[in-house]
2 protein chains.
Amino acid sequence: MKNTSKNLADLFSEQHPRSYKKGQIIIRPDDTSNGIFYLEKGHVKSYSLTEQGEQKNHIIYKTGDIFPLIRSFIPTNRSVFFETIDNSTLKMMEKEYFFTTIKADAQILFEITKKIIEIMKTHIERLDGLEYTKANSRIIDYLLFLADHFGKRKGKKILIEVPITHKDIADSTAISRETVSREIEELKRKKLIGDKNKYILIKNIKKLERELKLQSDPKRL
Amino acid sequence: MKNTSKNLADLFSEQHPRSYKKGQIIIRPDDTSNGIFYLEKGHVKSYSLTEQGEQKNHIIYKTGDIFPLIRSFIPTNRSVFFETIDNSTLKMMEKEYFFTTIKADAQILFEITKKIIEIMKTHIERLDGLEYTKANSRIIDYLLFLADHFGKRKGKKILIEVPITHKDIADSTAISRETVSREIEELKRKKLIGDKNKYILIKNIKKLERELKLQSDPKRL
DNA sequence: CGATAGATTGATCACCTTCAACTGCCGTGG
DNA sequence: CCACGGCAGTTGAAGGTGATCAATCTATCG
């Protein structure tokens with residue numbers, strides 16, 4: 001047993017990696033198993049469903065993140081799904097072992113707390129972005145959010161390296177897919193964004209940020 | 001120095017209480033001071049502002065909560081305000097002392113982590129509620145959210161014991177104040193909610209939950 | 001290669017914002 | 001203590017934004 005973990009990767013180093021294909025559900029609301037997952041490679045989205053079966057996307061987890069946090073730490077009504085959107089590699093640890101280990105070591109526990117805070121920050125940014133009342137503002141804000149979290153600089157441009165569909169954007173911003181399609185088209189027409197091998201490319205982030213401010217301004221030309 | 005803290009109240013027990021009047025801003029984005037606040041009595045709302053100065057409400061903190069979490073744990077762009085909506089009592093601890101103390105004691109650190117998870121859960125519920133596309137669904141979901149977090153059972157009814165205005169609901173759900181006014185009126189007409197000394201009273205929570213499911217159903221009569 | 005899911009485009013119309021005018025309420029200062 | 005100012009709430013009318021429906025097209029995957 002290794003008690004010298006200094007970070008999350010160390011903590012999970014002894015666990016064997018598990019491969020998941022794109023689109024596999026890792027955790028469902030009714031799951032009785034209670035492992036803690038560490039995402040080594042790929043991306044996982046969390047979401048709930050409406051009565052009509054529409055997805056309401058929460059966030060996208062990436063390398064170094066852990067989940068599920070809420071149901072692991074406190075007893076709660078489970079309503080959230082975790083599903084890969086990539087071919088992904090995860091590691092899993094039994095809840096009991098996880099808690100025994102972290103409760104015994106303030107240092108690793110502090111690292112986990114910082115990771116939790118980081119994931120909470122992501123949720124707050126999403127919450128904040130959803131409070132724009134105009135559809136195009138919510139879309140632009142979400143693109144800026146994705147650029148910040150998954151963007152890789154390519155010169156002056158930013159490539160959003162996460163497989164995201166218009167449907168995902170729609171399910172993340174409370175907008176219909178058709179409207180997302182039209183707004184994205186408009187942003188491409190304005191040369192603010194583009195495509196690059198299946199990923200969204202931000203061509204001019206400064207202008208895109210300016211566009212967000214203009215969109216919410218009722219007094220724009 | 002007291003090292004026997006078993007919970008948050010203990011941890012802050014040595015700090016002297018500070019009184020704030022309703023409407024006072026405790027933390028602004030540009031604040032350089034970096035204390036951690038423990039809310040002993042009252043309510044504090046967190047929010048950001050749009051370019052046009054509109055409030056985007058995040059959550060309402062209550063007795064036993066601590067803030068600000070994000071800016072205390074990780075370096076970040078500050079854009080969030082914390083403001084009392086009640087006459088409130090808080091305790092404050094210097095950031096350095098706070099971190100020295102919790103890093104030295106896994107037990108109190110674990111208590112704080114659980115509190116953080118609880119506050120994260122609140123944010124996720126808000127995020128999820130904002131993903132309803134219809135205004136009346138978002139309002140009903142928000143009322144159910146308030147009932148769950150601040151409601152006191154009065155027989156079969158639930159009194160939401162937090163001073164909340166229609167403007168607050170509007171700023172929390174990305175809806176105009178006028179529409180909130182009309183929808184609340186409609187819910188009163190249906191006898192689902194009412195008033196009781198300035199607070200919102202949920203008269204029939206089961207029916208209100210059913211109303212939420214109906215609202216989002218396009219095939220309703 | 002067929003099936004399924006996502007994307008596109010156009011037309012229609014409902015929902016909700018906006019604007020405006022008015023009322024009510026509360027805290028503050030003279 | 002009253003008057004005032006400002007913010008919150010109410011109500012009505014009008015117009016725009018974005019949802020919905022439908023038809024077609026494309027991409028992906030077994």
Side-chain angles (χ1 to χ4, degrees), chain A residues 21-24 45 50 52-55 57 83-87 130-140 142 163-189 193-195 197-200 214-220, chain B residues 20-24 45 50 52-55 57 83-87 130-140 142 163-189 193-195 197-200 214-221:
Chain A
K21 279 195 269 192
K22 174 181 173 174
Q24 274 194 281
K45 72 174 170 186
T50 66
Q52 283 69 42
E54 310 278 349
Q55 278 187 25
N57 288 347
E83 178 180 330
T84 55
I85 56 173
D86 258 333
N87 292 335
L130 277 165
E131 293 195 353
Y132 285 101
T133 55
K134 292 261 189 294
N136 48 16
S137 295
R138 288 205 298 281
I139 291 177
I140 294 170
Y142 190 59
I164 195 125
T165 65
H166 285 190
K167 182 176 185 303
D168 284 322
I169 298 175
D171 292 343
S172 300
T173 53
I175 296 170
S176 72
R177 196 180 52 205
E178 293 94 324
T179 299
V180 170
S181 182
R182 284 181 257 256
E183 294 295 339
I184 293 284
E185 184 56 38
E186 177 69 5
L187 292 173
K188 282 181 183 168
R189 198 189 59 71
I193 65 171
D195 285 311
N197 16 302
K198 303 283 170 191
Y199 293 144
I200 295 172
L214 286 174
Q215 291 301 347
S216 15
D217 190 347
K219 293 176 296 298
R220 72 182 188 275
Chain B
Y20 289 82
K21 279 196 269 193
K22 173 181 176 175
Q24 273 193 283
K45 71 175 169 186
T50 65
Q52 282 70 42
E54 309 278 348
Q55 278 187 26
N57 289 347
E83 178 180 330
T84 55
I85 57 173
D86 259 333
N87 292 335
L130 277 165
E131 293 195 352
Y132 286 101
T133 54
K134 293 259 190 295
N136 48 16
S137 295
R138 288 205 298 281
I139 291 176
I140 294 170
Y142 190 59
I164 196 121
T165 64
H166 285 190
K167 182 176 185 303
D168 285 323
I169 298 175
D171 291 344
S172 300
T173 52
I175 296 169
S176 71
R177 197 180 52 201
E178 293 94 324
T179 300
V180 170
S181 181
R182 284 181 257 256
E183 294 296 338
I184 293 284
E185 183 55 36
E186 177 69 5
L187 293 173
K188 282 180 183 168
R189 199 190 58 72
I193 65 172
D195 285 309
N197 16 301
K198 303 282 169 190
Y199 294 143
I200 296 171
L214 286 174
Q215 293 300 349
S216 18
D217 190 348
K219 294 177 296 296
R220 72 182 189 276
L221 49 116

Has the side chain of B/E178 got a donor or acceptor atom sitting under 3.5 Å from an opposite partner on the base of C/dC19?
->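 Between C/dC19 and B/E178, which were checked side chain against base, a qualifying N/O pair under 3.5 Å is present.
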Is there a donor-acceptor pair under 3.5 Å between the side chain of [X] and the backbone N or O of [Y]?
X	Y	value
B/R177	B/A170	no
A/N87	A/K21	no
B/N57	B/D168	yes
A/E54	A/D171	no
A/R138	A/A174	yes

If I take atom [atom1] in residue [X] and atom [atom2] in nucleotide [N], what distance separates them, rounded to the nearest angstrom?
X	N	atom1	atom2	result
B/K22	C/dG27	NZ	C1'	10 Å
A/I85	D/dC29	CD1	C1'	18 Å
A/R138	D/dA19	CZ	C1'	12 Å
A/N136	D/dG16	CG	C1'	13 Å
A/I140	D/dG18	CD1	C1'	15 Å
A/R189	C/dT8	CZ	P	16 Å
B/E183	D/dT10	CD	P	13 Å
A/E54	D/dT20	CD	P	8 Å

Any idea which of [options] is nearest the [X] side chain?
X	options	value
B/A135	C/dT9, C/dA20, C/dC16	C/dC16
A/K134	D/dT17, D/dC29, D/dG12	D/dT17
A/R182	D/dG18, C/dC16, C/dT9	C/dT9

Upstream residue (5' side of DNA chain C) when B/I175 and A/K188 are each assigned their closest nucleotide =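 So the residue in question is A/K188.
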Check whether any side-chain nitrogen or oxygen of A/K198 sits under 4.0 Å from OP1 or OP2 of D/dT28, and answer yes or no.
->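 Yes, such a contact exists.
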Does a side-chain N or O from A/S176 land closer than 4.0 Å to OP1 or OP2 of D/dA19, or not?
->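 Affirmative; the distance criterion is met.
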I would like to know whether A/E186 and A/R189 meet salt bridge (charged side-chain N to carboxylate O under 4.0 Å, His left out); could you show each step before the answer?
-> CA-CA 5 Å; A/E186 177 69 5; A/R189 198 189 59 71; 3.0 Å; yes
Trace of the side chain to side chain contact (heavy atoms under 4.5 Å, CB included) decision for B/K188 with B/I193 | CA-CA 5 Å; B/K188 282 180 183 168; B/I193 65 172; 3.9 Å; yes
Please write out the pairs of protein N or O atoms and N or O atoms of nucleotides 7-9 of chain D separated by less than 3.5 Å, giving the distance to one decimal.
unit_1	atom_1	unit_2	atom_2	d
D/dG9	OP1	B/H166	N	2.7
D/dG9	OP2	B/H166	N	3.1
D/dG9	OP2	B/K167	N	2.8
D/dG9	N7	B/R177	NH2	3.3

Sugar-phosphate, base or nothing in reach of B/A174, heavy atoms under 4.0 Å =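 The residue B/A174 makes sugar-phosphate contact but no base contact.
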